[in-house]
Every structure is written in structure tokens, then in C-alpha cells.
Amino acid sequence: MTDIKIDWHQRAKTLKIDGRAFINGKRVNAVGGQTFECFSPIDSRKLTDVTSCQAADIDLAVLAARTAFNDRCWAGLSPRERKQTMIRFADLILENKEELALLETLDMGKPITASLNGDVNSAANTLRWFGEAIDKVYDEIAPTADNTLAMITREPIGVVGAIVPWNYPILMACWKIAPALVTGNSVVLKPSEKSPLTALRLGDLALEAGIPAGVLNVVPGFGAEAGTPLAMHMDVDCIAFTGSTGVGKKIQIMAGQSNLKRAWCELGGKSPNIVFADCKDLDKAATASAGSVFYNQGESCNAPSRLLVERSIKDEFVKKLLSHLPEYHPGDPLDADTTMGALVDCGQMQNVLKYISSGKAQGAKLLAGGEQTRSETGGFYVSPTVFDHVTNDMTIASEEIFGPVLSIITFDTEEEAIRIANDTEYGLAAAVWTQDISRAHMVARRLRAGTVHVNSYDEDDITVPFGGYKQSGNGRDKSLHALEKYTELKTTWIKLT
Ligand code: NAD
């Protein structure tokens with residue numbers, strides 16, 4: 001639990017923030033001196049100037065990564081040695097937990113308790129889990145003829161470019177760098193320009209843990225100026241991207257236009273959450289439905305933003321759901337009791353408000369929220385918003401809003417629920433609430449989504465893969481399956497006689 005004695009406002013006043021890039025083991029300015037200003041969405045206060053990396057800086061970072069890879073100073077270590085360093089890296093994150101949580105909250109606007117007990121802990125756990133796993137993964141011998149030996153081994157792919165979004169900055173970075181580093185790759189990490197600060201600290205802590213200079217580089221900057229040169233780079237072997245579907249499509253084109261680097265994309269979602277009338281515990285379903293869609297201000301790729309409810313229980317269920325809304329009233333993100341913070345910036349708040357207007361204009365019924373709050377703070381807050389009488393073709397039901405907005409859609413039959421759930425370009429997550437075990441299995445099988453929850457929404461563990469069907473992307477983060485993205489398979493034939 002959070003130490004409620006911490007005065008986070010006081011800590012914020014004395015926090016020293018270094019916004020310089022981290023290349024080849026050192027904090028550096030851009031070659032051309034470019035910077036951008038980093039503001040807090042909590043109150044629009046300027047936090048620091050951040051290095052704005054350009055193509056020349058990306059070249060330097062890729063060169064450092066390639067040199068370290070070719071030196072084999074990291075790739076040449078035994079898995080056990082890499083494991084020990086990754087565990088030290090995870091320990092350092094926990095030793096610096098309060099600083100990292102504060103940076104995350106100031107930079108991105110999420111509540112300090114979520115940063116401290118959720119994001120930073122999960123980031124450390126990700127590094128530790130992949131570290132601990134890597135000396136337990138075996139290669140293969142193929143069943144070939146008696147006079148041959150055919151070995152199938154996994155090798156690091158080389159230089160990995162990782163481009164990540166702003167919604168879970170430190171965690172998304174660790175979902176990429178942990179499996180990439182444990183398998184012996186060098187990494188150039190580009191955080192979002194909207195929340196670069198914790199990723200930069202990861203560079204310092206990796207070096208302190210013993211990861212050699214050049215193996216992990218962090219290059220803050222804008223998508224077109226820093227992300228594109230990384231995705232187009234001829235000496236990057238793999239690009240691991242998390243972000244919007246629109247940019248993901250561009251990343252795949254860039255991979256094809258350059259050196260056909262491997263391009264893995266974890267993209268957006270518009271996840272359906274189906275509540276059948278035979279759901280055993282409607283209270284539990286209502287608690288989880290509200291908690292999952294409003295967590296992180298609704299800025300979660302897998303947020304269950306389409307609630308599909310069977311008509312016979314609709315009124316009762318909606319009443320239960322609405323009773324949870326006061327729990328998510330936006331508050332000061334630096335107050336340990338706050339459960340909903342600020343949206344990441346003014347642009348994101350305007351997008352969300354635009355979607356709310358479109359919901360009203362297209363005939364959905366606003367049941368709650370729908371407006372900016374706490375404007376006197378200078379920050380960007382939107383109250384938890386619920387629309388009823390939504391049809392799946394409305395913009396609020398078909399496009400990813402990435403804010404605290406829930407659309408309620410009513411259905412009459414199981415077949416109709418499955419059809420509506422799958423009627424989306426996305427396929428990241430879904431949920432089914434029912435006490436009929438056959439229905440649970442049958443519906444789960446027919447939902448086109450990378451993760452299906454039954455009688456829950458918020459289950460999560462590093463041991464299971466995370467990623468999407470359809471335009472929610474390809475490849476998977478987390479679990480041992482993530483190692484496949486960062487390794488090449490090599491077959492080595494040995495003639496014995
Ligand atoms: P975004 O696509 O705008 O940006 C993501 C990253 O790509 C940022 O670092 C950005 O600077 C960079 N970028 C932007 N344009 C680029 C370009 N032309 N070339 C190279 N890089 C470029 O996404 P966002 O707004 O930062 O994040 C929100 C999106 O991320 C949502 O769609 C959300 O669903 C998705 N997301 C998905 C997952 C998942 O695991 N599937 C997890 C978190 C977020």
C-alpha cells in the first residue's frame with residue numbers, strides 16, 4: 001500500500017529531472033541541440049526541456065547499439081549472467097520506486113497510487129520475470145538421420161528499435177526491452193514525446209545494473225523526427241511498436257520500404273464486454289465493468305469500452321454500474337486517494353470531448369459525465385462518461401476514444417451479442433459474464449480477440465501473452481512467446497560420418 005505519509009507535492013518541488021537522451025551509456029543533448037518542452041497534464045506546469053532526437057541522433061544510437069552487439073559484450077554473456085544483471089536492474093527500479101512513480105504521474109497524469117503500486121511494480125516484475133526465465137529456455141535437436149546432427153537454436157536478432165506510447169510509459173517500455181535484452185539484443189528505445197521521463201531513467205538504471213554502454217539507448221523525440229528514422233533505419237533488425245493502429249500501418253510500410261526488418265505491432269482496441277442475463281453476480285460484473293473502463297482515465301488499449309447487456313437485465317445492471325461512478329471522480333493525481341487523474345494533454349482531452357459531442361449528435365443518451373472538470377487547476381480532466389442507447393455503427397462505438405467514455409449496447413440473443421462484439425476492426429480483448437459453462441466456452445471461442453475474460457475483466461499476469469487479432473496488431477508481448485519476436489531461428493547441420 002502507498003505510504004500515506006509521503007507529501008508528493010513537496011517531493012515534486014525538489015525532484016531533479018534530466019531530460020537529455022541516453023546514448024552509448026551517457027546523457028547527451030541532440031547533435032543539433034533541439035529540445036522540446038515537457039509539461040505536466042496535472043496543471044500545465046513545465047517540468048523540463050527534453051532532448052528532441054533527430055535522424056542524426058538516431059544514427060548515433062543505432063551505431064552504439066550495433067557496436068555493442070558486434071562486441072558481444074552483452075550478447076556473448078551466458079543466459080545466467082544476463083539473468084543476474086536483469087534481476088539487479090529490477091531491484092534498482094524498486095529501490096528508485098518513489099522517484100519513478102512521481103515522474104510517471106507528473107508526466108502522464110495518472111494517480112500516484114496507480115503509478116507506485118501498479119506501473120512501477122509491474123515494470124520491475126517484467127524485467128525480473130524475463131531475467132529469471134532466460135536460463136530455463138532450451139533449444140532443440142531435430143529428429144534427423146543417424147549420420148547427422150541438426151540443431152535448431154535461437155539467436156538474438158541484433159539491434160531492436162522499440163517505439164512505445166504514453167499511456168503506460170514505463171511498463172510498455174519494459175514489455176519491449178525485457179524480452180529483447182534477455183535474449184542478447186541491443187535496443188534503441190523511443191518513448192512517446194508525451195511521457196518520456198521514466199524511460200530516460202531506465203537508461204541510467206540499466207547502466208548502473210551492469211548492462212554495458214550501448215546495449216540500451218533511449219531517444220526521446222517526436223514520431224516523424226525520431227520514430228520514422230528509427231523505423232526506416234537500414235541497420236535496425238526489428239522494430240517493436242506499441243501505439244495506434246494508424247501509426248502501426250505506417251511502421252509496417254516503413255519496414256518494407258527499408259530493410260524488411262521484422263515489424264511487430266501492438267495496436268488499439270474497442271473491446272466488448274458481454275453481460276448475459278444468467279450472469280451469477282451482477283454486482284461483481286458492474287464493479288469490474290466500471291473499474292476496467294475507467295482505470296487509467298480510460299487510456300488503456302484493452303479498456304472494455306463497449307458494454308453489451310442483455311435487454312432483460314439492462315436497467316438493473318446499468319443502475320448498479322452508475323452507482324460506481326463517484327468512485328472515479330477525477331481528483332488531484334498527487335493525492336494518494338485519487339482513483340482517476342488527468343488525461344495526458346489538452347489535445348487528448350479535446351479528442352475525448354469531440355467524441356462525446358459526436359455521441360450526443362448521433363442520438364446516444366448521455367447518462368453521466370460528458371464534461372471537463374477541474375479546469376481551475378489548468379490540467380486536463382474529464383468526468384467518467386456513460387452513454388446508453390448506443391448502436392454499434394455510431395462513432396463512439398466504432399472508434400477508439402482512449403478516454404473515460406463507456407458505450408452501452410443492448411442485445412436480445414447470444415448470436416446477436418457475438419455478432420456485435422466481433423463487428424469491429426479491432427480484436428484486442430473481450431469479456432463474457434455468464435454462469436452457463438457451455439455458453440462461456442462457446443462464446444469465448446467465437447470472439448475474435450487476443451484475450452477473452454470469463455466472469456472477470458481485470459485478470460493480468462506476466463505469464464500470459466498480450467496482443468491482438470485483426471487491426472489490434474500482430475505478435476505478442478509478455479510470456480515466453482514474446483521471446484519469439486526478438487530471436488532468429490538457426491538450423492545448424494553437422495555431418496557425423
Ligand atoms: P501513437 O501511435 O500516436 O504513438 C505511439 C508511438 O509512435 C509514439 O512514441 C510516437 O511518437 C510514435 N510515432 C508516431 N508517429 C510516428 C511515425 N510516423 N513514425 C514512427 N513513430 C511514430 O499512439 P499513442 O497515442 O502514443 O498511444 C495510444 C495508442 O496506443 C492507442 O491506440 C492504444 O490502444 C495503443 N496501445 C496499445 C497497446 C497494446 O498492447 N496493444 C498498449 C498500449 C497502447
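Just so you know, these numbers use all the heavy atoms, side chains as well, and skip hydrogens, waters and symmetry mates. One is the number of the first residue; the rest follow in order along the sequence. Indexing begins at 1, ligand by ligand and atom by atom, following the structure's order.
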What is the nearest protein non-hydrogen atom to [atom], stated with its residue, atom name and distance?
atom                    : answer
atom 13 (N) of ligand 1 : Gly223 CA, 3.5 Å
atom 25 (O) of ligand 1 : Trp166 NE1, 2.9 Å
atom 35 (C) of ligand 1 : Gly243 O, 3.2 Å
atom 27 (O) of ligand 1 : Pro165 CB, 3.2 Å

Indicate yes or no: does an N/O atom of [X] lie under 3.5 Å from an N/O atom of ligand 1?
X      : answer
Asp477 : no
Phe402 : no
Ser472 : no
Lys250 : no
Thr245 : no

No-hydrogen, no-angle side-chain donor-acceptor test under 3.5 Å, [X] and [Y]:
X      : Y      : answer
Ser258 : His233 : no
Lys110 : Asn167 : no
Asn259 : Lys261 : yes
Ser115 : Thr105 : yes
Arg306 : Asn392 : yes
Glu327 : Thr339 : no

Enumerated ligand 1 atoms positioned under 4.0 Å from heavy atoms of [X]:
X      : result
Met172 : 42 (C), 43 (C)
Glu193 : 10 (C), 11 (O)
Met254 : 19 (N)
Pro191 : 9 (O)
Val164 : 6 (C), 8 (C), 9 (O)
Phe466 : 39 (C), 40 (O)

- Task: Indicate, as side chain, backbone, both or neither, the part of Lys194 found under 4.0 angstrom from ligand 1 when only non-hydrogen atoms are considered.
- Result: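 Neither; no heavy atom under 4.0 Å.
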- Salt-bridge test for Glu488 and Arg262: reply yes if a basic N is under 4.0 Å from a carboxylate O, no otherwise.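 Looking at Glu488 and Arg262, the cut-off is met.
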- Query: Among Asn167, Thr242, Asn302, Val247, which residue places a heavy atom closest to atom 5 (C) of ligand 1?
  - Reply: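 Of the listed residues, Thr242 has the closest heavy atom.
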- Message: Could you work out, for atom 37 (C) of ligand 1, the closest of Thr228, Leu267, Val344 by heavy-atom distance?
- Response: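 Comparing heavy atoms across Thr228, Leu267, Val344, the nearest one to atom 37 (C) of ligand 1 lies in Leu267.
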- Kindly say whether Arg446 contributes a backbone atom to a donor-acceptor pair with the side chain of Asn422 at under 3.5 angstrom?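 Checked: pair present.
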- Query: Has Tyr168 got any heavy atom lying under 4.0 angstrom from an atom of ligand 1?
  - Reply: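 In this structure, Tyr168 fails to qualify as a contact of ligand 1 - no heavy atom is under 4.0 Å.
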- Query: With Tyr355, which residues qualify under side chain to side chain donor-acceptor pair (under 3.5 Å), at least two apart?
  - Reply: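 Result, side chain to side chain donor-acceptor pair (under 3.5 Å) vs Tyr355: Glu399.
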- Task: Evaluate the ring planes of Phe402 and Trp166, with Trp represented by its six-membered ring, and classify them as parallel (under 30°), tilted (30 to 60°) or perpendicular (over 60°).
- Result: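 The rings of Phe402 and Trp166 stand perpendicular, inter-plane angle above 60°.
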- Message: Can you confirm whether or not the ring centre of Trp175 sits under 6.0 Å from the ring centre of Phe466?
- Response: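 Between Trp175 and Phe466, the centre distance is under 6.0 Å.
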- Query: Are side-chain heavy atoms of Gln362 and Ile396 found at a separation under 4.5 Å?
  - Reply: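 When only atoms from C-beta onward are counted, Ile396 and Gln362 do not touch, as no gap falls below 4.5 Å.
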